[in-house]
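Reviewing the structure listed below.
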Amino acid sequence: MTVAMETIRSLRAVTPQNTIIEAQHVGQRFTADNGTELTVFDNISFNLYEGEIVAILGRSGAGKSTFLRALAGLVKPTSGTVKYRGEALTGPNPGIALVFQTFALMPWLTVQDNVELGLKARGVPRAERTKLALDAIDMIGLDGFESAYPKELSGGMRQRVGIARALVLRPDALFMDEPFSALDVLTAENLRQEVLKLWSSEQRSIKSVLMVTHNIEEAVEMADRVVVLGSHPGHLIADVRVDLPRPRDRHSVEFEAMVDRLYAILTGQASQPTQQAEALSPSASLTNAPVTDASVTDASDLQPAKTIEKIKEHPLPNATPGGLAGLLDVVAEHPHGIDLADLASALSFEVDDLFPLVDAGTMLRVIVVRDGHVQITEAGDSWHKADILRAKQVFASLAMEHAPLVHNIEHALRKSAEGKLRGELMLDLLRARYANDEAHQQFAIAVEWGRYGELFDYDADDDLLSLDEANKGE
Ligand code: ADP
């Protein structure tokens, strides 16, 4: 190794002095309303260092916000420890300030009063408060709006107030929880650039930024390091360095390659796990990992915990059969496959908007995704080419084979005396493994898939699931 390289290494060396936050084996459990225990995330170890922007990337429900709140000292983890500058947290983390997705401004206070609020709580004298607030307001481009009330401001301006309110506290680390998700595309992009500009300015006081996002492109645009969380429960699957030069060009080959790589990690499709992913979780399996045939063939009963476990491990993605057929139409136009980024832009969506459809397609084996490249399978092709009646049959047999919950409901109905069961019964079983809202969502998706495949139907008025007439004879 050359001396120059060694010097670079030692400059980058991680020392206790530049470690801002250290989380070790942190886990979070909650007891749901019905008394069942919900593990939101488990055994996450993570350090935040000076000089970096880190994105925590994961799907909705992976536990990202709860993890951020644990690092912020706003919730106490049920296992593991969080330290700030070497000291274990016993309450709110004194070194961070938080920017919320929903801005969380006080509507009855002016911009300036909103920004001063945290300083007031810290007992900072009025004259100093005013000066610090005006500086922060200037820094984020809000000068002239000091006396405005939140309702007079656009969403983008409100989030600027949210950022100023955090900056004014001069935190060691700025925490941002999906800060741009509530904004329209252009405003969000504009504000991302502002934050990056602030980050690279000479007079910045913050030493690190930690942001939660479900948006892969946003993570690649902003972060020096992307920490990927898998779901059910949340767990660390990769810690990926993003070394692209700034400003980053979303259309460059390198940018798109990084998006594809993170996509592959996030969906468990990485053909070669990254070094980090391997080290952190050799068996990283995500909820949409392909269902093995064995996992459904013995789903022979309504009740056993094993069956429920399979259903939990392979939740139905929130996609409709019609939407999936539409996706296949587009993918089928590309016999050699298409990059997800191109597919997303062909449909004018962002890559992560495609998640449920791509997950559903992967679960049913009508597409395969490798390293961000999606291709139609033989099964997909026969569904795509079939007429409507035949398409329903193909879908039904794929769902029966690869979607445990659909299989389970069909099987239970077939075993019941008159081919009928109460929906509440299914919901209660689902609630044993899912939070209430999720149980309802899973039930609704299963009914939609069952109906389309003419496997079973659901009458909401009578709360009755029944085998479809067309499916009774077999
Ligand atoms: P993400 O930010 O990745 O979308 P969240 O951290 O918001 O995920 O939530 C993950 C899961 O934790 C959700 O299912 C949510 O309902 C659950 N959860 C979060 N906080 C609580 C709580 N206080 N009580 C019960 N469940 C909770």
Side-chain angles (χ1 to χ4, degrees), residues 21 23 26-44 46 48 54-80 82 91-93 96 98-104 175-182 209-216 218-219 222-223 226-239 262-263 265-268 281 284 286-288 308 311-318 350-353 355-356 359 427 430-445:
I21 291 169
V26 177
Q28 189 76 56
R29 256 174 290 121
F30 290 113
T31 307
D33 297 343
N34 63 358
T36 51
E37 287 259 299
L38 174 74
T39 302
V40 178
F41 58 83
D42 196 26
N43 196 22
I44 301 184
F46 161 81
L48 182 68
V54 178
I56 300 177
L57 176 69
R59 301 179 188 209
S60 169
K64 305 180 294 294
S65 293
T66 312
F67 181 59
L68 194 79
R69 290 166 64 80
L71 299 185
L74 299 176
V75 289
K76 189 171 162 23
T78 40
S79 54
V82 179
N93 189 328
I96 69 105
L98 197 60
V99 175
F100 300 91
Q101 177 180 5
T102 49
F103 322 138
F175 277 20
M176 302 202 286
D177 188 355
E178 300 268 9
F180 313 112
S181 321
V209 175
L210 181 63
M211 65 180 290
V212 157
T213 181
H214 64 275
N215 182 323
I216 303 177
E218 179 171 288
M222 306 273 306
V226 179
V227 170
V228 187
L229 293 195
S231 311
H232 304 295
H235 60 285
L236 200 61
I237 50 177
D239 188 334
L262 287 172
Y263 183 92
I265 293 172
L266 198 52
T267 54
S281 171
L286 285 164
T287 52
N288 66 329
I308 297 287
I311 290 171
K312 169 73 181 173
E313 276 168 26
H314 307 288
L316 300 178
N318 190 7
E350 297 210 8
V351 167
D352 41 293
D353 294 324
F355 272 157
D359 284 353
L427 272 170
L430 287 169
R431 281 193 203 102
R433 282 289 175 267
Y434 293 106
N436 189 40
D437 289 356
E438 236 180 313
H440 275 276
Q441 192 187 42
Q442 285 294 304
F443 182 75
I445 301 168

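Indexing begins at 1, ligand by ligand and atom by atom, following the structure's order.
Listed for the T39 side chain is no donor-acceptor partner under 3.5 Å among the backbone atoms of R29. A donor-acceptor contact shorter than 3.5 Å is absent between the side chain of Q442 and the backbone of P317. Checking side-chain atoms of N93 against main-chain N and O of L71 turns up a donor-acceptor pair under 3.5 Å.
Proximity of V212 to E178: side-chain heavy atoms (C-beta onward) are separated by under 4.5 Å at one or more points.
Taking both residues in full, the closest heavy atoms of K64 and I56 are given as CD-O, 3.7 Å, listed atom of the first, atom of the second, then distance.
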Chi angles and distances behind the side chain to side chain donor-acceptor pair (under 3.5 Å) call for E218, T213: CA-CA 7 Å; E218 179 171 288; T213 181; 3.0 Å; yes
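Near ligand 1, residues F30, L38, V40, R59, S60, G61, A62, G63, K64, S65, T66 come within 4.0 angstrom through at least one heavy atom.
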